[in-house]
Each structure stands twice: as C-alpha cells, then as structure tokens.
Amino acid sequence: MIGLGQFLEVLFSGLLSGVLYSLVALGFVLIFKASGVFNFAQGAMVLLAGLALVRSLDFLVANGFPFWSAVILGLLFAAMIMAITAWMVQRFVLGPLINQDGLTLFMATIGITFVLEGAAQMIFGSDVYPLRLFPTDAWFLFEGNFPGGLLVSKIDVWGGLIAAVLVAGLAVFFQRTKTGRALRAVADDHAAAQSVGISLNWIWFIVWLVAGLVALVAATVWGTKLGVQFSIVFLALKALPVLIIGGFTSVPGAIVGGLIVGAGEKLAEAYLGPFIGGGIEYWFAYVLALVVLMVRPQGLYGERIIERI
Amino acid sequence: MRKLTLALAAFAVGATASTGPAMAQNEQFLPSLVYRTGPYAPNGIPFANGVADYWTLINERDGGINGVKIVFEECETGYATDKGVECYERLKGKGPTGAGYFSPLSTGITFALTEKVPGDKIPLLTMGYGRSESRNGAVFPWNFVAVGSYWTAADVAIQHIAKEFGGFDKLKDKKISLVYHDSPYGKEPIAALEARAKLHGFTFKGIPVTHPGVEQKSQWLSIRQDRPDYVLLWGWGVMNSTAIKEAAAVGYPRDKVMGVWWSGAEPDVTPAGDQSTGYKALMLQHGAGKAKVHADLEKHVIGKGKSPTKDDFAQVLYNRGLLNSMLGVEAIRTAMKKYGNKPMTGEQIRWGFENLNLTADRIKELGFEGMVSPIKLSCEDHQGADVARVQQWDGKNWKVISEYYTADRKILDPMVKDAAAKYAAEKKITPRDCSKES
C-alpha cells in the first residue's frame, strides 16, 4: 500500500505541476496562434510581471494599504506594465519587422528576452521577493487507506483551478468576442485579415497584451510557490517540451502537454532516477518531447501542415 | 533619428571606456568575479558587496596596503563556468603586476581555473568551497581552500547530528540523506559523508537536484516516504529556499534539516517565511552581525556613499565577502614583508598566502574578533583551519546553537592525501617538496 500511495502522490503532484507549466505554455500558444511568432520572451515576461506585482504590493503594504486592496492595485500596476511592454514590443520590434521571415522574428524575441530580463532586474531588483497570495501547505487525503495519507499541495490545486478559469476565459475570448474572432482571422491569413479592415498592429498589440496578462497570472502562482526571482525565466524552458507535445497552436494541447510533461518527469525522477543517478527530470521532459516529435511532429493537438511542393 | 543613433552610440562608447579602472604603477590590481544578476544573484550580491567594501575600506582608511592602493574590477559570471573562465582570461593580465588573486565563488569555475592558474602563476582563493583535496599545497600550489572545505563541513555536520542523537554510537542504523545541487559543488561532500557512514553504520543516501533547483517535489516526496532521521542540504541560491518550502509542504521537520554554510544565509530562509523557523545551517566560523570592522566600514565607506550595500550590511554573506577580502589583503601584506611595499605579482602573493599567520591578536587588531579563529597556512596546508559551528533560524535571526566543532583530521587527511595523489597522477604533476620551500 505504501508503494501505491507513493505512486499516486507522485502522479498527482506531477499532474498539478504540469498544469503550472501549462500556464506558461499558454502565453507561447497565444502569440504563435495569432502571429506565427515563437515568443522566446514568455519566461522573461513572467519575471517582469511577477516583479512588478510583488514590488508594488510590498510598497503599498509598507505605506499602510490593506493587503487585499494592495493586491488589486498591484495587479493593476503589473497589468499596466505588461500593456506598456506589449505596446513597445509591437511599436519598436515587431512593427518594423512586419513581413519578415519567422526565424527573424524568433531571433527578435530572443533579444526581447535579454532586454526584459535586464530591465526587470534593474528596475525592480534581483533579490528573492516572497509573494503570499495562496496557501502553500498541503492536504493529507485518505489517511485511513495510506500510511501518512496522500499529500496534495494546496498551491498546486490553486494553480489547477486558475488554469481552468484561464482556459475557459480564453475560449470565450477567442470564440465569442469580435477581437477574438479577429485574432483567429489574422492567425489564418494575415493578408486576408488586412483586406477586410483588421489592423495587424492593433491585433499584435492585443495578443502581446493577452500573453502578458497570462504571464501575470502565471507569476501569481509561481511567485507564491518559489518567491518572485530570476529563476522564474527557466520556466520558459519547461514550457518548450509542453508545446512540442501539445502542439504550438492549441490551447487544450498546452494543457494536455503540461499534464504529460508534469506526470512524466516526476514519475521518471521517482522511479527511474534512483537507477541512473537522479536529477533526471529536467531533461526527461525533452525525451518525451522527442518521442512525440518522431511520431507526430505537429504535436498531439497541433494542426497538420500540408504543403504543395 | 540618425542624430539620436549617433548620440546613443557615443554614449555607449563613453560608458564602456569609463568602466575600466585607470591604472598607475603603484597600484595593486585585484579582479572580482561576481554574480549580481541571474538565478544566484540574491546570494552573489551581498558577497560581492562585502568583498568590494573591504577593499574600499583599505583604500579610504589606510591609503591602501602599505601605501599601495587597491584597484579592483568586477566581472559578471552569472555563476556560469564558461563566463567565469572568460572573465579570468580578460582580467588576469590587468594592472602593473597582473591580477593578484582570483576568488570565483563557484566550485564549477574553481574546477576549471585550477587547470589554468599554474600556467599563469595566480593564486585561487576559494574560502569555504572548491576542491577539498586542494588543501594539499604540494599538489595544488595555487589553490587555497582557506578556513574550511566541504569535507570539513560534512564531517562537522555529522558530529553535530551525532551530538543531537546522544553520541556517535546512536548513529547506527539511522538514515541521513543529502539533498544536493547536481554540480561539482553539490557532489563534493559525498566522499566524506560516505566515509562517516561506513564508520558509524548509518545509511547515507544522496538525492540530486538539477540546476537551478526550483523543482524538488519528487525529491521531497521520496524523503517523505523514506523518512530519514536527518536531511543535509547542499544547495545554492533559490534551491535552498525551495528545499525549505518543500520540506514544510511534506511535513518534514525543519529542525532536522541542516544546510552547509552556503545554505545558511538570509536569502536562503526569508523567502520561505515562517516555514524556515527551526532550520539549521553550518557556519563558516562567522555568522551575521557586527564586529569592530563594521564601525570602520560605516564611517569610511558607507558613510561616504562609496558602497553599493543596502540591506545586506552585516548579513552572513556580506560578512563572508569581508572575510574573503581580508584574507587576500593580509596575504599581500605578508608578501610585502618579503618583497617590499610595491604591487605584488601572483607568485609573490602565493608566498604571502603560504606564510599567512593570523593570530588572535592580529584578528582583533583587524576588527574581525569573533568572526574567525586563528588561521595559519603553509606550503603543505592550504586550509589552515578545521572548525565550524551550527546556527539556527528563529524566524527573524540566525542564532548560534553550538560551540566550535573540529573536523576529524584522522578521517579527512588520508582522504585529502589519496585524492591529491590521484589528481597528481592524472595530471602528471610532481608534488613540490615543501621542506625545501622558503
């Protein structure tokens, strides 16, 4: 029973961690869907959003604001920072590069990554800033069935709930709103969308803003879990295998990919790690991604691209 | 637009030109490998500030070392070995006599530079980190693992755990796990812990965590299942606070988790808030708090606005930076007794390190009383001290909870000898005959 208990515990924690990876992966998917740009800067955007939130929150609390009103004002401030970032990216980087090759745009986002990382640390500091928005203790379930119970972290469950709400919100945004439909039109064909009067600049601003807000949501969960700090940018590297597995253009794919990566890496660390030296979860996610690439290159939920030669 | 671009370019050129220190012939150049950005910045910054502030103090208060001003330049490594080597290559030839010594604050960079410093004749001061076997000065003439090595730390940790359990005989059949950074740094104590495990009959298990250490859930779930009697933590940067949070999440008692001295500073515990209360860590002799030297720093450096230090003043890692610089400055001062009051070469400074004898009186005179016990280095012994204490986080401050423990050299010396001999054989090094060194 101990073996089964441990297996379930590792599996649940892996699935929930995977949902948290999906939160970051969603930002990549949004931008890729609407503009065909692989945004390498998504991890840096999570860092920037998190630092803007936690530093403004600390400032407001220190100046006597009640905690929850400080949280709301902090979220608004961070959202404003992400809006400014989205505008600057569109105005100074992507706007001048319109009609350029996808690889050029990708390289530009690598540049954006370094600028955002440096600027965020320069403006808001490079310390570890604790963020306490959600409970970080754990539930112990089924204590009668398993010795010590099954451990489930509350922060991971919160992350799962937030991801569910976010996915539902994005689905409504894409399917039901005029801007959402315009985004889908741009994703299908830039030129056709422009010909019916959709402004590409406006759409790109909106999509970077939405990705920035998704980054802010991811920062609230990851910041509570780890403290807001530079290491958050490494989450972008965790999101890569999630995207490869789920597909670059699918919101549900980002969630399913996250679940597979989270569960796969945690189970591998717990059960394969002891035999091959441990510390394998970091690269095991890429092994899973490679397997999927070999079988289904567009990812589990990605669009199959058929090109006439 | 063109004017703006030209103006920006001119500004960039001007800014670059002004970053390098202007060198005069009577100045001692000291490089400083730092990490003020990146995942390890919260720990790198206070150390770098301590290093810089002490050198500034020597210039401001004393007019330099025996009249020779210190000129220093920082180089950002981000804790990455490749960048560390790049910084080394860029700075080693600066100044009238080249770089005085290097302190990379990274075991990975130390491993890489250990191969380079013999050719360039520059000492490598790795206070409390680096290769444990580099204590052997006959095989490692340029490495100085002064004050304590990871084997010292591992040995002292087991002594403290044994004391808590009521004696070494009580360790039999106990389980002790090591959660370590999966890097040369994290792996370094394993040999010493295995030696103690064999001696006392406890079960030792190493649990690696991949850089930077933000994902440790499966490791701590395995600890929850194994229920070890004690967990040692060999982490750095974010890995430490994450480990403490995960220990709390799985309900592992924090007072049964003990970190090495690089896992025992304020940035390691404050991000975890109340969950850190009870957590213990080894001390590289010193802890947080002020000694006499801090009053001088407040007067001559901080008071004059010449320090980048803010909240980290007198914190654990800031104080370690001070100590690191003090050892370097005293080695240069020792070298000057033999070679004269002028800028020293790396080779002369090595002689200074090998003849460094910091007595209790001298430590008091320097304002470091209570922070470090007497140290005497020699050609054979590049460590010079074997003691450490244990501190515990009470939720707000570190409290010293033990007396000094002395690492057991009967266990560690043969290990140093064997590992150094193995290294010498691998690298085809003929060990120096220290009896012939003057």
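The sequence lines fix the lettering, A, B, ..., with proteins before strands; numbering per chain opens at 1. Computed from a predicted structure; not experimentally measured.
Of the listed residues (Q219(B), K217(B), Q216(B)), just one forms a side-chain contact (heavy atoms from CB on, under 4.5 Å) with E281(A), and that residue is Q219(B).
Residue pairs meeting the side-chain hydrogen bond (donor to acceptor under 3.5 Å, both in side chains) criterion with at least one partner in residues 128-137 of chain A, sequence neighbours excluded, are T136(A)-Q275(B), D137(A)-K154(A).
Residues S218(B) and K266(A) approach most closely at OG-CD, 3.7 Å, considering heavy atoms. Listed here is the closest heavy atom pair of F140(A) and A249(B): CZ-O, 4.2 Å.
Heavy-atom pairs under 4.5 Å with chain A peak, among G273(B), A272(B), P212(B), G237(B), at P212(B). When the candidates A138(A), S231(A), G273(A) are compared by the number of heavy-atom contacts under 4.5 Å with chain B, S231(A) comes out ahead. Note: K225(A) leads K238(A), K225(A), E117(A), E265(A) in heavy-atom pairs under 4.5 Å with chain B. Of the listed residues (I45(B), V238(B), T242(B)), the one with the most heavy-atom contacts under 4.5 Å to chain A is V238(B).
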Stepwise side chain to side chain contact (heavy atoms under 4.5 Å, CB included) test for E9(A) and R224(B): CA-CA 10 Å; E9(A) 221 168 62; R224(B) 183 172 126 78; 2.5 Å; yes

Quick one, T270(B) with V128(A), criterion side chain to side chain contact (heavy atoms under 4.5 Å, CB included). Give me CA distance, side-chain angles, the key distance, then yes/no. CA-CA 9 Å; T270(B) 48; V128(A) 183; over 6 Å; no

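Interface remark: W222(A) contributes side-chain atoms only to the contact with chain B (heavy atom separation under 4.5 Å).
Proximity of Q229(A) to P271(B): side-chain heavy atoms (C-beta onward) are nowhere separated by under 4.5 Å.
When the shell of 6.0 Å around CG of D311(B) is examined, it contains 12 or fewer heavy atoms from other residues, nucleotides or ligands.
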